[in-house]
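Throughout, protein chains are lettered first and strands after them, A, B, ... in sequence-line order, and every chain is numbered starting at 1.
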Protein chains: 2
Amino acid sequence: MQKAAAEKSDPIAAQLAPVGRETVQDRVYSELRRALIGGLFEPSQVLTIRGLADALMTSTMPVREALGRLITEKALEALPNRSVRVPPITLERMDDLLRARILIEGEAIALAATRMTPKQISTIETMLSEWDEMRALKQKKDVDREVTLNQAFHFEIYRACGSAVLIPMIESLWLQSGPCIRVAIYAFSDAGEVDTAHYHRTIVKALARQDAREAREALVADISRPFVFLRNKLEADSKKGTSV
Amino acid sequence: MQKAAAEKSDPIAAQLAPVGRETVQDRVYSELRRALIGGLFEPSQVLTIRGLADALMTSTMPVREALGRLITEKALEALPNRSVRVPPITLERMDDLLRARILIEGEAIALAATRMTPKQISTIETMLSEWDEMRALKQKKDVDREVTLNQAFHFEIYRACGSAVLIPMIESLWLQSGPCIRVAIYAFSDAGEVDTAHYHRTIVKALARQDAREAREALVADISRPFVFLRNKLEADSKKGTSV
DNA sequence: TTATTTGATTTGTGATCACACTTGCATTGA
DNA sequence: TCAATGCAAGTGTGATCACAAATCAAATAA
């Protein structure tokens with residue numbers, strides 16, 4: 001067992017090649033998670049185990065376990081028929097989600113404000129310029145990249161709060177609001193330009209000053225935007241037609 | 001298909017006998033959940049799929065899916081060996097859990113304070129007297145019943161907050177702090193009597209007055225107790241012996 | 001034409017099997 | 001005596017199968 005001997009004598013190499021290999025189940029779970037946060041599935045869409053298994057080139061086994069996990073996180077919904085779908089959007093649910101996000105992400109950024117290192121601050125400052133880059137070549141909106149960049153920015157901050165309890169809850173909330181957000185972003189592009197970078201800049205300034213109160217307020221403004229926008233849109237739509 | 005016809009013509013009966021039967025997986029999941037919240041497993045205990053399957057008289061399939069779900073909720077922990085255990089108790093984790101619980105359960109009870117109906121208030125008032133009953137025959141402390149009653153009291157309140165997002169998060173937090181709580185309750189009984197009913201009575205009074213602020217403060221006092229108690233105990237223990 | 005029924009297909013669930021990896025213990029060697 | 005080696009039991013993971021329930025479609029009856 002030369003490999004084990006090498007790991008024992010060289011703990012650094014052991015860390016570089018961690019013993020825990022990635023399972024198929026984890027890959028499927030991450031894949032579905034990414035798709036949900038990015039809003040690649042649309043609300044009320046029904047997912048089948050065999051369908052996903054074919055799409056992900058694996059058997060049904062890893063898929064059903066991943067689906068079960070996503071259901072417990074309320075990222076998916078189990079219908080009484082035993083079929084699973086991505087939860088539909090309702091006004092009540094949106095308000096509920098936004099309130100929870102304000103509460104928890106607000107607390108996380110307040111904690112982060114007092115704990116972020118200069119290095120971490122400069123990391124999120126660098127991210128700001130990426131928005132400018134993206135705006136420079138704004139011939140076509142790259143929604144995927146917007147979502148990814150926005151997510152990276154927020155979680156870089158949340159990670160700094162140092163709470164192993166809050167962060168998974170925030171991930172769960174993003175998972176649940178993913179479908180709504182994607183719809184809202186598409187609605188944004190119809191309604192003209194909206195400057196996410198401006199909101200993020202305000203957040204960075206507050207964090208640089210270690211001003212927890214300002215940071216929280218700026219964050220609330222940032223995450224509220226898509227929700228209030230989508231809410232207005234849905235209410236306008238329901239006025240025009242009686243049906244949803 | 002007379003059954004389908006009956007359901008279609010009688011939607012009430014359909015609700016009384018919901019089509020979704022309980023699966024074995026759900027039963028296993030609930031069982032493990034209950035055991036964890038009740039603290040029947042001790043911290044750092046390793047659980048095996050086949051062992052649980054035998055204990056629950058089923059095959060490995062429902063167990064592995066239930067374990068996967070509990071791992072995503074951070075109620076259990078996946079070690080790099082691929083074995084799963086109930087997470088060990090650390091001071092950092094306890095503080096982290098308590099802060100999150102104060103934040104979220106505090107918000108839930110504040111919402112509930114403005115929404116609870118007189119009927120709901122009287123329900124939790126009834127629960128208070130059960131504590132007195134239990135204290136009457138206090139020859140032996142019935143920890144299981146204490147845990148169950150405490151849980152029923154709190155969730156009767158949380159349900160009234162009307163948030164489909166906050167309640168699952170609270171359940172997840174209870175799942176995570178279950179093992180700690182059990183340890184703390186046993187420590188309580190060593191340290192003499194502690195009057196849970198007194199704290200609950202204060203909460204009920206505040207809720208009856210629809211005083212959200214008072215209710216939140218009383219709740220914080222209630223849920224903080226086992227944590228600060230256990231914290232003191234752990235710190236005292238670590239002073240006596242260098243090892244944990 | 002419309003509503004009902006019947007049959008075929010699809011789908012989720014649970015059990016079992018095969019494989020790879022880990023763990024623990026006994027044997028062997030220095 | 002002690003460390004290293006090798007074997008055996010145990011464990012998690014993924015695939016496949018069997019079965020029951022649900023869904024859909026065509027065919028039949030009113």
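Residue A:Asn81 places at least one side-chain N or O under 4.0 Å from the OP1 or OP2 atom of D:dT23.
More than 12 heavy atoms of other residues, nucleotides or ligands shown are found within 6.0 angstrom of CD on A:Gln45.
If you check every strand for non-hydrogen atoms under 4.0 Å, A:Leu79 touches nothing. B:Leu67 comes within 4.0 angstrom of no nucleic acid atom, judged by non-hydrogen atoms across all strands.
When side chains are defined from C-beta on, B:Phe227 counts as touching B:Leu97, because their heavy atoms get closer than 4.5 Å.
Between A:Asp26 and A:Arg33 there is no salt bridge, since none of the side-chain N atoms of the basic residue sits less than 4.0 Å from a carboxylate O of the acidic one. The pair A:Arg64-B:Glu65 meets the salt-bridge criterion, with a side-chain N (NZ, NE, NH1 or NH2) lying under 4.0 Å from an Asp/Glu carboxylate O.
In this entry the distance linking CD of B:Glu65 with C1' of D:dG14 reads 12 Å, nearest Å. Whole-Å rounding puts the A:Ile49 CD1 to D:dA21 P distance at 17 Å. One can place CZ of B:Arg82 at 11 Å from C1' of C:dA20, the figure rounded to the nearest angstrom.
Ring planes of A:Tyr158 and A:His154: tilted class, angle from 30 to 60°.
In the region residues 52-63 of chain B, proximity to DNA chain C at under 4.0 angstrom, judged on heavy atoms, holds for B:Thr58, B:Ser59, B:Thr60, B:Met61, B:Pro62.
No donor-acceptor contact under 3.5 Å links the side chain of B:Arg64 to the base of C:dG14. A donor and an acceptor atom never sit less than 3.5 Å apart when one is taken from the side chain of B:Arg50 and the other from the base of D:dG10.
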Let me see the working for B:Glu130 and B:Thr126 under side-chain hydrogen bond (donor to acceptor under 3.5 Å, both in side chains), right down to the final yes or no. CA-CA 7 Å; B:Glu130 288 194 44; B:Thr126 307; over 6 Å; no
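Toward the 5' end of DNA chain D, the nearer of the two residues A:Ser83 and A:Gln25, judged by each one's closest nucleotide, is A:Gln25.
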